[in-house]
Trainee: 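This is the structure I want to talk about, given as structure tokens.
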6 protein chains.
Amino acid sequence: MLKIEVNLDDIPGEWLGHVMDLLLEAGVNDVFYLPIYMKKNRPGVMMQILAERGKLGEVRSILFQETTTLGIRYFPVSVHRLERRFYKVSTTWGEVSVKEGRYGGEVVQRAPEYEDCRKISAQHNIPLKNVYQEVWSNM
Amino acid sequence: MLKIEVNLDDIPGEWLGHVMDLLLEAGVNDVFYLPIYMKKNRPGVMMQILAERGKLGEVRSILFQETTTLGIRYFPVSVHRLERRFYKVSTTWGEVSVKEGRYGGEVVQRAPEYEDCRKISAQHNIPLKNVYQEVWSNM
Amino acid sequence: MLKIEVNLDDIPGEWLGHVMDLLLEAGVNDVFYLPIYMKKNRPGVMMQILAERGKLGEVRSILFQETTTLGIRYFPVSVHRLERRFYKVSTTWGEVSVKEGRYGGEVVQRAPEYEDCRKISAQHNIPLKNVYQEVWSNM
Amino acid sequence: MLKIEVNLDDIPGEWLGHVMDLLLEAGVNDVFYLPIYMKKNRPGVMMQILAERGKLGEVRSILFQETTTLGIRYFPVSVHRLERRFYKVSTTWGEVSVKEGRYGGEVVQRAPEYEDCRKISAQHNIPLKNVYQEVWSNM
Amino acid sequence: MLKIEVNLDDIPGEWLGHVMDLLLEAGVNDVFYLPIYMKKNRPGVMMQILAERGKLGEVRSILFQETTTLGIRYFPVSVHRLERRFYKVSTTWGEVSVKEGRYGGEVVQRAPEYEDCRKISAQHNIPLKNVYQEVWSNM
Amino acid sequence: MLKIEVNLDDIPGEWLGHVMDLLLEAGVNDVFYLPIYMKKNRPGVMMQILAERGKLGEVRSILFQETTTLGIRYFPVSVHRLERRFYKVSTTWGEVSVKEGRYGGEVVQRAPEYEDCRKISAQHNIPLKNVYQEVWSNM
């Protein structure tokens, strides 16, 4: 896995949400921004991308074509990921997927899938919080 | 005193250091930036300005002419400032101004003037930290 | 106009993008987040909302039902907005709306509409940056 | 309720955790920090305090004596707080207080008390997350 | 030395102060948070930990058991640390430890120990700032 | 290329603008700050520096002499930079340098030089924004 970074101080922020979408569509593992303080009193943004090494070329193209950067940097990172398993939990409004993570044979994470909960929330016009709470009670 | 605010998501960061300079030259009391997270995944910047009410027109002109904002907002704030007094402290490399603040008749703040210390640091090629430390010892 | 604020330290961040959407659908003028450092070493988030006074009840309902807050605070702010006018600019790929802002009779802002540019970018598979640059040249 | 603010660019960060403790002991409602970008490329901190008007004098004394500020500012904010009620929930490891908030007669918030959960976590050597999850299931 | 990182967007902030304590008790060198902007308009937090390689297993267990993360990442960093020496400085209220750092044979850092100063501040009911200032004058 | 980092929680922010200047004069490629949340409720700052490996000694000296840190850390990063070319663009007020970046034989970046634009803005007393806009139209 690589961490790829660019510092940006000469780009309108409104382009950056779009760049994030393009990078996620290109299959990177994650992309996020950090606020940074740059020289000459410039508020800037550091974009960080996590991607497999094979994606480097595509990420580089997107960054050079869609942002104003003249250079990117990257370095390898090791990753330890939990085994994941999905199962269904019933609620008053239908089923919701739950992502389970195991560590050393033991279940340590159980998280309702955000998009499932959000859809129920929209269709049934109930707070997202209530959907999560019912899933948590039933899982 | 007014606090004046604009949210910016469509301006290059490199313009904002320049806007800060112009506002300070125009006599505002302070100007600074806060990182904010705006809609559509946009990293943005909120500029906050502290200025006397009589400066509002000038600040507004600078903001509309130099940034991309289509609106500004402001509200009054009460201010409690310490009485300030300046005096000189001797160091190995010459005198430095110290700003003293009194609260209820008692001295609560004593701060070496940054620009004085920085000049000594540059002229004598010694770390700024050492200049401050000698002023602190002698004041 | 009111500025409405809540501090949040006991809510998963993934709910907050959803709350932002709900507030925008409810017709607030703007909503954004600020990173804050809270007691007991808690990284938190302050949500700020700009809305007309008549929206306060609806905003309050959304905040109490969709977030974990036990209180909201608000205060009035004065607003100065530029007169806005929209016109069309031609590009190689079709027309784009441009928002124009006037201050003291003079045009001070001209900004291509993000959604128009983004659509062209997606349909014609060209960088968003290039769409903006052509609009800027032609406007 | 007042919001009280100071901007700080000449104070070591390690003092600020201490100031936060003193302010909370003095009975303010909340205190938190925001990262800000100040002139001359200085990373700074804005401290914000929420307190009843009657606390202003005490807060001012603490700020002038314990920080390096030469001025504070403040403005009134309106507050809407939910009615709160506490009740007990049983867990495998003993009882935990839960704070309930009602809005328009309906329960909208139910939050396990952090300190209760943390004590159980420490005494029984189990993850804090597991304590919360059991309280959520039982409440 | 390793830098270990997790991105968090589905955890309440109030758990994170607790996780910081557990990691410090486990003997990591440092732990801190950075505000990040994640996809779907989510304000998130990146936790960074500095620890010796031999601590990786223990840090991983704490992160998987106490946070909601499904993966961690890490990479090696080189470290250059100053030789440290402690000595005592007398004040009106008793002795305070001072940490001294040497670089190339020369003393470049001298910092009063925070916990010593804080205890004096609490016992004698004097501002922490005044304790530091007296130590600085006497060291 | 190296990325060099220090965490700072015991330094006044006003020194850090000065340190940034010294590092840039020493020929580092970039230097910037990130807000971080450190233990004991301390708002802190991480300074990050990008520099060639041959600069490490000089950077280390500056950091140890000008800041309060007792240790620095660093790690290698790979860099991909665009070929750059400068050319001149005419405006009503004189020529401005434009930096062009090529990727795969194609021009992907064209950015007016900030300092050229700022000088025109100051000499002719026109908004920096207008200078950029004319350069963008003519390039």
Side-chain angles (χ1 to χ4, degrees), chain E residues 1-3 5 8 13 16-25 28-36 45-52 74-86 98-115 117-118 128-129 132 136, chain F residues 1-16 18-19 22-23 26 28 32-79:
Chain E
M1 181 83 80
L2 295 179
K3 192 190 248 195
E5 296 182 352
L8 297 161
L16 290 174
H18 177 69
V19 178
M20 187 182 265
D21 290 345
L22 293 177
L23 288 163
L24 290 168
E25 284 164 24
V28 305
N29 293 63
D30 208 354
V31 48
F32 46 92
Y33 302 113
L34 295 90
I36 58 175
V45 173
M46 195 199 298
M47 190 190 300
Q48 293 194 345
I49 295 146
L50 297 167
E52 286 169 28
Y74 54 92
F75 53 94
V77 296
S78 301
V79 172
H80 184 115
R81 281 211 203 82
L82 295 186
E83 291 165 66
R84 294 156 201 222
R85 195 177 69 89
F86 288 86
V98 168
K99 190 160 47 180
E100 188 182 272
R102 280 168 183 276
Y103 177 64
E106 194 193 348
V107 174
V108 288
Q109 312 300 17
R110 282 180 304 181
E113 284 288 278
Y114 171 76
E115 290 299 344
C117 295
R118 204 183 54 77
L128 182 63
K129 186 171 66 176
Y132 270 80
W136 285 337
Chain F
M1 181 84 79
L2 294 180
K3 191 190 249 198
I4 305 163
E5 296 181 353
V6 285
N7 284 16
L8 296 161
D9 68 359
D10 60 350
I11 191 169
E14 65 183 358
W15 296 3
L16 290 174
H18 177 69
V19 178
L22 292 178
L23 288 163
V28 305
F32 47 93
Y33 302 114
L34 295 90
I36 58 175
Y37 308 53
M38 298 177 75
K39 64 180 178 185
K40 301 187 186 180
N41 270 309
R42 295 172 182 172
V45 173
M46 195 198 298
M47 190 189 300
Q48 293 195 343
I49 296 147
L50 297 167
E52 285 169 28
R53 188 172 281 276
K55 291 280 180 197
L56 178 59
E58 198 174 352
V59 168
R60 193 162 47 197
S61 290
I62 292 173
L63 293 176
F64 285 136
Q65 286 173 352
E66 300 282 345
T67 79
T68 53
T69 196
L70 287 154
I72 65 168
R73 56 186 186 272
Y74 53 92
F75 53 95
V77 296
S78 300
V79 172

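Since the structure is predicted, the reported quantities are computational estimates derived from the model, not experimental observations. Heavy-atom basis, side chains included; hydrogens, waters and symmetry copies ignored. To find a chain, count down the sequence lines: A is the first, B the second, and so on, and within it residues start at 1.
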Trainee: What distance separates E:Tyr114 OH from F:Lys40 NZ, expressed to the nearest 0.5 Å?
Mentor: 6.5 Å

Trainee: Under 4.5 Å heavy-atom distance to chain F, tell me which part of E:Asp21 shows up: side chain, backbone, both or neither.
Mentor: neither

Trainee: What residue in F:Ile72, F:Asn7, F:Leu34 has the most heavy-atom pairs under 4.5 Å with chain E?
Mentor: F:Ile72

Trainee: Which value, rounded to the nearest 0.5 Å, describes the distance between F:Arg73 atom CZ and E:Asn29 atom CG?
Mentor: 10.0 Å

Trainee: Just wondering, are more than 12 heavy atoms of other shown residues or ligands nearer than 6.0 Å to CD in E:Glu52?
Mentor: no

Trainee: For chain F, which of E:Arg81, E:Glu83, E:Glu106, E:Gln48 has the most heavy-atom pairs under 4.5 Å?
Mentor: E:Arg81

Trainee: Distance from F:Arg60 atom CZ to E:His80 atom NE2, nearest 0.5 Å?
Mentor: 5.0 Å

Trainee: Supply the atom-to-atom distance F:Lys39 NZ to E:Leu24 CG, rounded to the nearest 0.5 angstrom.
Mentor: 6.0 Å

Trainee: Return the minimal non-hydrogen interatomic distance between E:Pro35 and F:Pro35, and the atom names on each side.
Mentor: CD-O, 3.5 Å

Trainee: Would you mind checking which part of E:Val31 comes under 4.5 Å of any heavy atom in chain F, side chain (CB onward), backbone (N, CA, C, O), both or neither?
Mentor: backbone

Trainee: What residue in F:Gln65, F:Glu66, F:Met38, F:Lys3 has the most heavy-atom pairs under 4.5 Å with chain E?
Mentor: F:Met38

Trainee: Can you give me the closest heavy-atom contact between E:Tyr103 and F:Ser61, atom names plus distance?
Mentor: OH-OG, 3.1 Å

Trainee: Has the side chain of E:Gln109 got a donor or acceptor atom that lies under 3.5 Å from a matching backbone atom of F:Phe64?
Mentor: yes

Trainee: Let me confirm one number: the CE-CG distance from E:Met20 to F:Asn41, rounded to the nearest 0.5 Å.
Mentor: 8.5 Å

Trainee: What part of E:Arg84 gets within 4.5 angstrom of chain F, counting heavy atoms only: side chain, backbone, both, or neither?
Mentor: side chain

